Student: 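I'd like to ask you about the structure that follows.
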Amino acid sequence: MNLKVEGRYFFKDGKPFFWLGDTAWLLFEKLTPEQIQYYLCDRAQKGFNVIQATILHTISGVESKKTACPEYFDKIARAVQYAKSKGVYFALLPCWGELVKRKTVNIQNCKVYARFLGERFKDFDNIIWVLGGDIRGGEAFELYCRFADILKEHNPERLISFHPFGRTGSYRWFNGCDWLDFNMFQSGHRRYGQSGIESADGADHEEDNYKYVSEGHALTPLKPCLDAEPSYEGIVQGLHDFSQPYWQAADVRRYAYWSVLAGACGFTYGHNAVMQFHSEGDADANYGVRENWRDALSADGACQMKYLKQLMLSVDFTKGKCRDDLIIDNGTRYGHTACFADGDFALLYNFNGDGIRIKPPFGGQCAAYYFNPSDGKKTFIGNFDGKSNLAFPAQGNSDYAVILKKL
C-alpha cells in the first residue's frame with residue numbers, strides 16, 4: 001500500500017490517489033481497541049482513506065505511563081493492521097509539538113524514540129509519518145531532521161511530512177530537506193479579522209487557504225501540498241471565546257473545495273468532538289465542544305466530504321491546475337470563485353452562490369453541469385460552443401460547483 005509522490009500528487013499502484021483525511025488526534029490515548037475499530041469502520045464507509053492520529057499527544061498521557069507500556073503500542077499496531085483491511089492509511093504523529101516545546105521529547109531521547117518507532121512499525125506499509133503537531137518547524141529544526149532521517153533509515157519507502165503551527169506551512173522550514181516528501185499547512189480555526197499570534201510568523205492568508213497551496217507550489221523542489229488542519233466542524237470560531245459562532249458544514253466544504261481546486265493533493269476534514277473523542281463528563285473537554293464523538297461521526301460535513309473525492313476522481317485531476325485567471329471579475333473573501341482545469345475539463349466552485357462568468361476554457365464545445373457539494377448530485381445545464389464567455393447565474397445563498405467537460 002506504499003504511496004508514491006509524483007509532482008503535485010500521490011499515486012498508489014500507478015493510479016492517482018486522492019487524500020481524504022480525518023482528524024483523530026486522541027484516538028489511541030482515549031479509545032479502546034473495540035472503539036477504534038468502530039471508528040475506522042465508520043470512516044472507511046464515508047470514504048476517508050487517511051487517519052491523522054498522534055501516538056503521544058498529551059502531557060497527562062505521557063505522565064500516566066500508559067503510553068510507555070508495550071500494550072499501548074500493540075494496540076496501535078492492531079489498529080494500523082485493521083485499517084489496512086479497510087484500505088485506510090494512518091498518518092501517525094510520533095508526538096504532539098507541545099511535548100517538544102516542553103522538552104519531554106528532546107534532541108537526545110528523540111533518536112531512541114525514532115529508532116523504536118522505525119523498528120516497531122517497519123512492516124506496516126499503510127503508515128505515513130508526520131512530524132510536528134501544531135508547532136513551528138524553526139523551534140526544533142535539528143530535532144525534527146534527526147527524527148526524520150532515522151525513520152527513513154528504517155522505513156525508506158514511507159512518506160514523511162510535517163504538521164505545522166496555525167496559518168503556516170511545512171514548506172517554510174523543510175521544503176528543501178530530502179526527507180520531506182510532501183507539505184502540510186494548517187489554515188486554522190480563526191475567521192477573517194481574527195488574526196492572532198500566527199501573523200508574527202510571516203504571511204497570514206487568513207481563511208484564503210488556497211493561497212497556502214500556491215505559496216507551497218511556488219517553491220523548488222515542487223512537492224504535494226494539502227490543508228491538514230482547516231477549521232473543524234463544530235468548533236468555535238477563534239477557539240477560545242465560546243460566545244463566538246461555531247464553524248458549520250458549509251465552512252468545511254469551502255475550505256475543502258478552495259484548497260483542492262487550487263491544486264492540493266487532498267484535504268483533511270476535522271470535527272471538534274471527534275478529534276478529541278469527547279464523551280459527556282470528560283474533564284478535558286476543549287474548545288466549546290458540544291457533541292459526543294459517536295454522534296459527531298455523522299455530522300453533515302463528515303458525510304459530505306466523499307462528494308469532493310468522487311468529483312476529483314471523475315476527472316484526471318493530476319493533469320489539472322489552478323486556473324483562477326479564467327474567472328471574469330473574480331470576487332474576494334467569501335465571494336472568491338475557484339477554478340481548476342486542464343484541456344478536457346474545468347471545475348468551478350463558489351461559496352456564496354454568486355453568479356460565475358468564465359472565459360472559454362477549451363476553445364471548443366463543452367458540456368456544463370451543476371454539482372451540489374451537499375449531496376453530490378449532478379444536473380445537466382447544456383452544451384456550449386466554447387468560443388464565447390460562459391455565464392452561470394447566482395444560485396441563491398448556497399455554495400455550488402460547475403463541471404465543464406470538453407466534447
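Here, residue 1 is the first one in the sequence, and each next residue gets the next number. Only a predicted model underlies this, so the values are computations on that prediction, with no experimental measurement involved. Heavy atoms only: backbone and side chains are in, while hydrogens, waters and symmetry mates are out.
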Student: Check the pair Arg190, Asp204 against salt bridge (charged side-chain N to carboxylate O under 4.0 Å, His left out), reporting the backbone distance first and the verdict last.
Tutor: CA-CA 11 Å; Arg190 302 177 189 274; Asp204 181 350; over 6 Å; no
Student: Evaluate the side-chain proximity of Glu207 to Arg191: yes if any heavy-atom separation is below 4.5 Å, no if none is.
Tutor: yes
Student: So if I apply the side chain to side chain contact (heavy atoms under 4.5 Å, CB included) rule between Trp247 and each of Ile235, Val236, Val252, which one comes out positive?
Tutor: Ile235
Student: Measure the acute angle between the ring planes of Phe121 and Phe73, then classify it against the limits of 30° and 60° as parallel, tilted or perpendicular.
Tutor: tilted
Student: Test Phe141 against Phe174 for ring-ring contact (aromatic ring centres under 6.0 Å, His included), laying out the working first.
Tutor: CA-CA 8 Å; Phe141 182 86; Phe174 302 113; 5.2 Å; yes
Student: Would you sort out whether Val50 and Phe17 count as a side chain to side chain contact (heavy atoms under 4.5 Å, CB included), showing the intermediate values?
Tutor: CA-CA 11 Å; Val50 182; Phe17 177 88; 4.2 Å; yes
Student: With distance as the sole test, does Lys75 use its side chain to make a donor-acceptor pair with the main-chain N or O of Leu31 at under 3.5 Å?
Tutor: yes
Student: Run the ring-ring contact (aromatic ring centres under 6.0 Å, His included) test on Trp173 and Tyr144 for me, step by step, so that the C-alpha distance in whole Å, both residues' side-chain angles and the decisive distance to 0.1 Å come before the verdict.
Tutor: CA-CA 11 Å; Trp173 307 281; Tyr144 286 121; 9.7 Å; no
Student: Between Glu233 and Asp300, does a side chain to side chain contact (heavy atoms under 4.5 Å, CB included) hold up when you go through it step by step?
Tutor: CA-CA 9 Å; Glu233 188 170 9; Asp300 288 344; 4.1 Å; yes
Student: Give the C-alpha distance, both sets of side-chain angles, the deciding distance and a yes or no for side chain to side chain contact (heavy atoms under 4.5 Å, CB included) between Trp293 and Lys30.
Tutor: CA-CA 11 Å; Trp293 70 270; Lys30 295 193 72 172; over 6 Å; no
Student: Would you say that Cys322 contacts Ser214 through its side chain, given a criterion of any heavy-atom pair below 4.5 Å between the two side chains?
Tutor: no
Student: Given 3.5 Å as the limit, does a donor-acceptor pair link the side chain of Lys406 with the main chain of Phe362, or not?
Tutor: no
Student: Parallel, tilted or perpendicular: which one describes the rings of Tyr113 and Phe116, with boundaries at 30° and 60°?
Tutor: parallel
Student: About how many Å separate CG of Asn350 and OG1 of Thr337, when rounded to the nearest 0.5 Å?
Tutor: 4.0 Å
Student: Do Leu180 and Ser161 have side-chain heavy atoms sitting under 4.5 Å apart?
Tutor: yes
Student: Suppose the criterion is salt bridge (charged side-chain N to carboxylate O under 4.0 Å, His left out): which pairs have a residue in residues 344-356, not counting sequence neighbours?
Tutor: none
Student: Can you tell if the side chain of Leu20 reaches within under 4.5 Å of the side chain of Leu308, non-hydrogen atoms only?
Tutor: no
Student: Would the distance check show the side chain of Asn175 and the main-chain N or O of Pro221 forming a donor-acceptor pair, the cut-off being under 3.5 Å?
Tutor: yes
Student: Do side-chain atoms of Gln35 reach the backbone of Thr32 as a donor and acceptor pair under 3.5 angstrom?
Tutor: yes
Student: Crowded around Lys84 NZ? As in, over 12 foreign heavy atoms under 6.0 Å?
Tutor: yes
Student: Quick one: does Tyr246's side chain have a donor or acceptor within less than 3.5 Å of a partner on Gly288's backbone?
Tutor: yes
Student: With the side chain counted from C-beta on, respond yes when Phe48 and Tyr269 share a heavy-atom pair under 4.5 Å apart, and no when they do not.
Tutor: yes
Student: Among His240, Gln237, Glu229, find the residue that satisfies the side chain to side chain contact (heavy atoms under 4.5 Å, CB included) test when tested with His189.
Tutor: Glu229
Student: Can Asp251 and Ser231 be said to form a side chain to side chain contact (heavy atoms under 4.5 Å, CB included), step by step?
Tutor: CA-CA 8 Å; Asp251 302 298; Ser231 296; 5.8 Å; no
Student: Is a side-chain donor or acceptor of Glu157 paired with a backbone partner of Asn2 at a separation under 3.5 angstrom?
Tutor: no
Student: With heavy-atom distances below 4.5 Å as the criterion, would you say the side chains of Asp208 and Tyr192 are in contact?
Tutor: yes
Student: With distance as the sole test, does Asn209 use its side chain to make a donor-acceptor pair with the main-chain N or O of Tyr255 at under 3.5 Å?
Tutor: yes
Student: Determine whether Tyr232 and Tyr287 satisfy the following criterion, ring-ring contact (aromatic ring centres under 6.0 Å, His included), listing intermediate values before the conclusion.
Tutor: CA-CA 10 Å; Tyr232 296 145; Tyr287 312 119; 8.2 Å; no
Student: If the test is side chain to side chain donor-acceptor pair (under 3.5 Å), which one of Gln52, Gln186, His163 qualifies with Thr268?
Tutor: Gln52
Student: Working to the nearest 0.5 Å, report the span between NZ of Lys405 and CG of Leu347.
Tutor: 8.5 Å
Student: Hey, is Asp181 close enough to Lys152 for a salt bridge, meaning N to O under 4.0 Å?
Tutor: yes
Student: With salt bridge (charged side-chain N to carboxylate O under 4.0 Å, His left out) as the rule and sequence neighbours excluded, what pairs involving residues 4-27 come up?
Tutor: Asp22-Arg43
Student: Above 12 or not: heavy atoms from other molecules or residues under 6.0 Å from CG of Asp325?
Tutor: yes
Student: Counting only N and O atoms by type, is there a donor-acceptor contact under 3.5 Å from the side chain of Glu206 to the main-chain atoms of Gly193?
Tutor: yes
Student: Would you list the atom pairs, donor with acceptor, under 3.5 Å between side chains in residues 90-102 and any protein atom, with sequence neighbours excluded?
Tutor:
| unit_1 | atom_1 | unit_2 | atom_2 | d |
| --- | --- | --- | --- | --- |
| Glu98 | OE2 | Arg102 | NE | 3.0 |

Student: Parallel, tilted or perpendicular for Phe340 and Phe345, by the 30°/60° rule?
Tutor: tilted
Student: Could you measure the distance from the CD1 atom of Ile160 to the CG atom of Leu131? Nearest 0.5 Å is fine.
Tutor: 6.0 Å
Student: Answer yes or no: is there a side-chain heavy-atom contact under 4.5 Å between Phe124 and Asn155?
Tutor: no
Student: What verdict does the side-chain hydrogen bond (donor to acceptor under 3.5 Å, both in side chains) test give for Ser187 and Tyr212, after you've listed the backbone C-alpha separation in whole Å, the side-chain angles of each residue and the deciding distance to 0.1 Å?
Tutor: CA-CA 8 Å; Ser187 57; Tyr212 295 98; over 6 Å; no
Student: Where the side chain of Asn49 meets the backbone of Gly87, is there a donor-acceptor pair that is under 3.5 Å apart?
Tutor: no
Student: Is the CG atom of Asn109 crowded by more than 12 outside heavy atoms at less than 6.0 Å?
Tutor: yes
Student: Under the ring-ring contact (aromatic ring centres under 6.0 Å, His included) criterion, do Tyr349 and Phe371 qualify, and how do the steps go?
Tutor: CA-CA 9 Å; Tyr349 173 83; Phe371 180 84; 9.8 Å; no
Student: Can you check whether Ala256's main-chain N or O pairs, donor with acceptor, with Ser259's side chain at less than 3.5 Å?
Tutor: yes
Student: Measure the spacing between CG of Asn272 and CG of Leu239 and express it to the nearest 0.5 Å.
Tutor: 8.5 Å
Student: Pair Asp149, Arg146 - check salt bridge (charged side-chain N to carboxylate O under 4.0 Å, His left out), show working.
Tutor: CA-CA 5 Å; Asp149 288 341; Arg146 286 194 183 185; over 6 Å; no
Student: Rounded to the nearest 0.5 Å, what's the gap from CZ on Phe392 to CG on Leu404? Could you check?
Tutor: 5.0 Å
Student: From Asn372 CG over to Arg253 CZ, what is the distance, rounded to the nearest 0.5 angstrom?
Tutor: 7.5 Å
Student: Mark yes when over 12 heavy atoms from residues, nucleotides or ligands other than Asp329 sit less than 6.0 Å from its CG; otherwise mark no.
Tutor: no
